[in-house]
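Reading through the structure tokens given below for one structure.
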Amino acid sequence: MAESPFFCDHGYFLGDVLKTVRVRFAPSPTGFVHIGGLRTALYNYLFARKHGGAFILRIEDTDRERFVDGATENLISVLEWAGLIPDEGPGSDGAFAPYFQSQRTGLYQEYTRQLLESGAAYYAFDTPQEIEAARQRARQAGNPFMKYNFTIRHEMNNSLNMTAQALQQALDSGKPHVIRLLVPEGRKFEVADEIRGPVVFDSREIDDQVLLKSDGFPTYHLANVVDDHLMEITHVIRGEEWLSSVPKHLLLYESFGWTPPRMAHLPLIFNPDGSKMSKRDIQSLDELPDGKVDPDVASYIRKGYEKTAIINYIALLGWNPGEGDDRQVFDLDELVHAFSLERVNKSAAIFDLKKLQWLNKEHILRRDTAALTAQLQPALQVAGYGEVADDYLARVIALMKERLYFTGDFVKLAGYFFADPLAFDEGAARKRWQADTNDLLAQFAGAIHRLESFTAAAIEEVLRQVAEANNTSGGKLIHPIRLAVTGVSVGPGLFELLELLGKETVLRRLKKSMEIIAKMIA
RNA sequence: GUCCCCAUCGUCUAGGGGUCAGGACUCGGGAUUUUCGAUCCCGCAGCAGGGGUUCGAAUCCCCUUGGGGACACCA
């Protein structure tokens, strides 16, 4: 096993060499960013920041058939939204550019040539039909998963079975072909995974992976190894779905004579029903099947989740600060400080929307009121409440903040701060507005009318006095007043609410409501 | 099927030989005689099973079971 690296503020020591940490997020641009992908990006980012290293975005767009227009732009905008700004990536220049694999094909071909020359790889001319036929034969022989490896490569149409002359001829005639990795029999490959510890693979379990496709583009396996080496990536942090292809990558590093980077394979994130989070689950619009959860980060952005809440939540899905640290709520900076790969869990996690929503609320609570004011001001305009003074809005927000699960709920929940209520909660009206209500409201209105300083404390005092004078409880007044003034039965503390609304508004609304109550009682 | 990974409350997890197995979300209850999806307090609920090792296992080892991943000219 490789010796454990020692980290310092500026990188880490491998042996006695100080290296700058360089990690990459390397998604294929499919047009949407998966929750799991965002977490992978986040862990890479946190690791880079923690160790003073570089966070690199590399676009793995070597599959021309899956090319999606605008996908890269979308990807970058999601990362920016989340605050995970790459230090290098599309648009950067310098020694490591370009960051689109589709623009690096020459490189892969050049390195493939090296493998060909050393005998680590070979040409294969099998047509898809021929491979399918071989697969059929294997199936009939009772082997449902054929491997193109030592078991059959000598029966196939490849350069291992051709004379030099025949090979040259085939190449000259432009016969379509791929380049395959020659996987030796009976080798063991071991990776010291940062999260899982040592994992050993037998080479007989892997196949002669295609490295270069017939269209001249590389496969993931080749491109990822070449680029990670050329870009001087020190730590490959990616999803567990890649763990089983590690031996192929290890063999490639070995064949090139390169030192492989350290590797960390992250646990997967699942639906509540234990299945893999899939884009297919949401394709039939809106309605999510039971037990499924939306994997598309863009959906959460659209629904108005706080970016810090999402980051916080997915960070906790597979990682925790441990060591008696019970914190649940983190912002990005706090995560950077607390994060370490050693504390990433091995087992898969289930995505729990309820906890995300709770965190969303916690993050709204922690947000700066001025920033929220700026954000919500336009929403009020859209909702038709017109111009609202910033300082008034800020006071409303301060009052409403702690009962907001989504900023998007604000207008719906706080409309009565900006316009007189037009409707009144019927159930609450039946319960709270009774025969003696108007009499109490009238007394209360009269009392606050005379109030010089309309403060919460003064209002409360007045209300208690009225209650006492009528030999009744505060609730007998509080509930009807809240309903009369706001139209609803829930909200912040009544006295603060009334103070903020102002005497004039409160009196106006009370008067109007008393008319309604009179009709209702009659 | 083969290889690989994983396994503590419903969920996220702490704990890595001796703990009343801790916290968070959810849920339930209570308090706040002012509501609430707010706040505070309380509670329900867990070491998958079986073998070892040991004076002693949630903790170490093995097996079983269960879950997951990979097995493409996709990443």
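Lettering of chains follows the sequences in order, A, B, ..., and the numbering in each one begins at 1.
When atom types are taken as modelled, the side chain of Asn470(A) and the backbone of Val466(A) share a donor-acceptor pair closer than 3.5 angstrom.
In the set rC3(B), rU39(B), rA72(B), rC3(B) carries the atom at the smallest distance from any side-chain atom of Glu205(A). Residue Lys361(A) places its side chain closer to rA38(B) than to any other of rG1(B), rA75(B), rA38(B). Comparing rA75(B), rU35(B), rA24(B) by their closest approach to the side chain of Arg403(A) singles out rU35(B). With rA38(B), rC12(B), rC73(B) as the candidates, the nucleotide lying closest to the side chain of Val210(A) is rC73(B). Taking the side chain of Lys355(A) as heavy atoms from C-beta on, and the options rG37(B), rC73(B), rC25(B), the nearest nucleotide is rC25(B). Taking the side chain of Lys346(A) as heavy atoms from C-beta on, and the options rC6(B), rA38(B), rA75(B), the nearest nucleotide is rC6(B). Listed nucleotides rC4(B), rA38(B), rG10(B) differ in distance to Val199(A); the shortest reach to its side chain belongs to rC4(B). Of the candidate nucleotides rC73(B), rC71(B), rC4(B), rC4(B) has the atom nearest to the side chain of Phe201(A). Among rC25(B), rC6(B), rU35(B), the nucleotide with an atom closest to any side-chain atom of His479(A) is rU35(B). When distances run from any side-chain atom of Thr219(A) to the nucleotides rC71(B), rU39(B), rC73(B), the shortest one goes to rC73(B).
Here, rG43(B) and rG52(B) have their P atoms 38 Å apart, quoted to the whole Å. Across the P atoms, rA14(B) and rC60(B) are found 13 Å apart, a figure rounded to whole Å. With C1' as the reference atom, rG16(B) and rU59(B) are 5 Å apart, rounded to whole Å. Remark: the separation of the C1' atoms in rG46(B) and rG51(B) is 23 Å, to the nearest Å. Rounded to the nearest Å, the gap between the P atom of rU35(B) and that of rG18(B) is 47 Å. When the P atom is compared between rG22(B) and rG29(B), the two are found 24 Å apart, to the nearest whole Å. To the nearest whole angstrom, the two P atoms, one in rA21(B) and one in rG28(B), are 28 Å apart. Rounded to whole Å, the separation between the P atoms of rC63(B) and rC3(B) comes to 13 Å.
Residue contacts for Asp126(A): at a heavy-atom cut-off of 4.0 Å it reaches a base atom on one of the strands shown. In this structure, Pro27(A) reaches neither bases nor backbone, as no heavy-atom distance under 4.0 Å exists between it and the strands shown. Base contact: Leu494(A) has a heavy atom under 4.0 Å from a base atom. In this structure, Arg464(A) reaches the bases: a heavy-atom distance under 4.0 Å links it to at least one base atom across the strands shown. Here Val200(A) lies in heavy-atom contact (under 4.0 Å) with sugar-phosphate atoms only. If you check every strand for non-hydrogen atoms under 4.0 Å, Gly491(A) touches a base. Contact annotation for Pro29(A): no contact, since no heavy-atom pair falls under 4.0 Å across all strands. Arg66(A) comes within contact range of at least one nucleobase, with a heavy-atom separation under 4.0 Å. If you check every strand for non-hydrogen atoms under 4.0 Å, Gly318(A) touches sugar and phosphate atoms only.
Taking only side-chain nitrogens and oxygens, Asn345(A) comes nearer than 4.0 Å to OP1 or OP2 of rA14(B). For the OP1/OP2 pair of rC73(B) and a distance below 4.0 Å, the side-chain nitrogens and oxygens of Arg180(A) include at least one atom meeting the criterion. Phosphate contact (OP1/OP2 of rG15(B), side-chain N/O of Arg343(A), threshold under 4.0 Å): present. Within the structure, every side-chain polar atom (N or O) of Thr30(A) is placed at least 4.0 Å from both OP1 and OP2 of rA75(B). Look at Lys213(A) and you'll find a side-chain N or O under 4.0 angstrom from OP1 or OP2 of rA75(B).
Put simply, the side chain of Ser214(A) and the base of rC73(B) share a donor and an acceptor less than 3.5 Å apart.
No more than 12 heavy-atom neighbours from other residues, nucleotides or ligands sit within 6.0 angstrom of CG on Asp69(A). The number of heavy atoms from other shown groups lying within 6.0 Å of NZ (Lys431(A)) does not exceed 12.
Aromatic ring pairs are classed by plane angle as parallel below 30°, tilted from 30° to 60° and perpendicular above 60°; the pair Tyr43(A) and Phe339(A) is tilted. Between Phe330(A) and Trp319(A), the ring planes are perpendicular. Angles over 60° get that label, and only those under 30° would be called parallel. Classified by interplanar angle (parallel below 30°, tilted 30° to 60°, perpendicular above 60°), the ring pair Tyr123(A)/His177(A) is perpendicular. Below 30°, between 30° and 60°, or above 60°: for Tyr300(A) and Phe351(A) the angle between ring planes is between 30° and 60°, a tilted geometry.
Taking the ring axis of Phe150(A) as reference, the NZ or CZ atom of Arg204(A) does not stay both within 45° of it and closer than 6.0 Å to the ring centre.
Nearest-nucleotide positions on RNA chain B for Gln328(A) and Lys147(A) put Gln328(A) closer to the 5' end. Each of Gly475(A) and Asp326(A) was assigned the nucleotide of RNA chain B with the nearest heavy atom; the assignment lying further toward the 5' end belongs to Asp326(A).
Screening Tyr405(A), Trp358(A), Phe406(A) for a ring pair (Phe, Tyr, Trp, His ring centres under 6.0 Å) involving Tyr305(A) leaves a single residue, Phe406(A).
Aromatic stacking of Phe145(A) on rC71(B): satisfied, with centres closer than 5.5 Å and planes within an angle under 30 degrees. The stacking criteria are not both satisfied for Tyr405(A) over the base of rG37(B), which would need a centre-to-centre distance under 5.5 angstrom and an angle between ring planes under 30 degrees.
A salt bridge is absent between Glu468(A) and Arg464(A); no separation between the charged side-chain nitrogens and carboxylate oxygens falls under 4.0 Å.
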For nucleotides 67-70 of chain B, give me every protein contact, N/O to N/O, under 3.5 Å, one pair per line with atom names.
unit_1  : atom_1 : unit_2    : atom_2 : d
rA70(B) : O4'    : Ser244(A) : OG     : 3.0
rA70(B) : O2'    : Ser244(A) : OG     : 3.1

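A straight line from CD of Gln209(A) to P of rA75(B) spans 9 Å, rounded to a whole angstrom.
Taken to the nearest 0.5 Å, the NZ atom of Lys355(A) stands 7.5 Å off from the OH atom of Tyr313(A).
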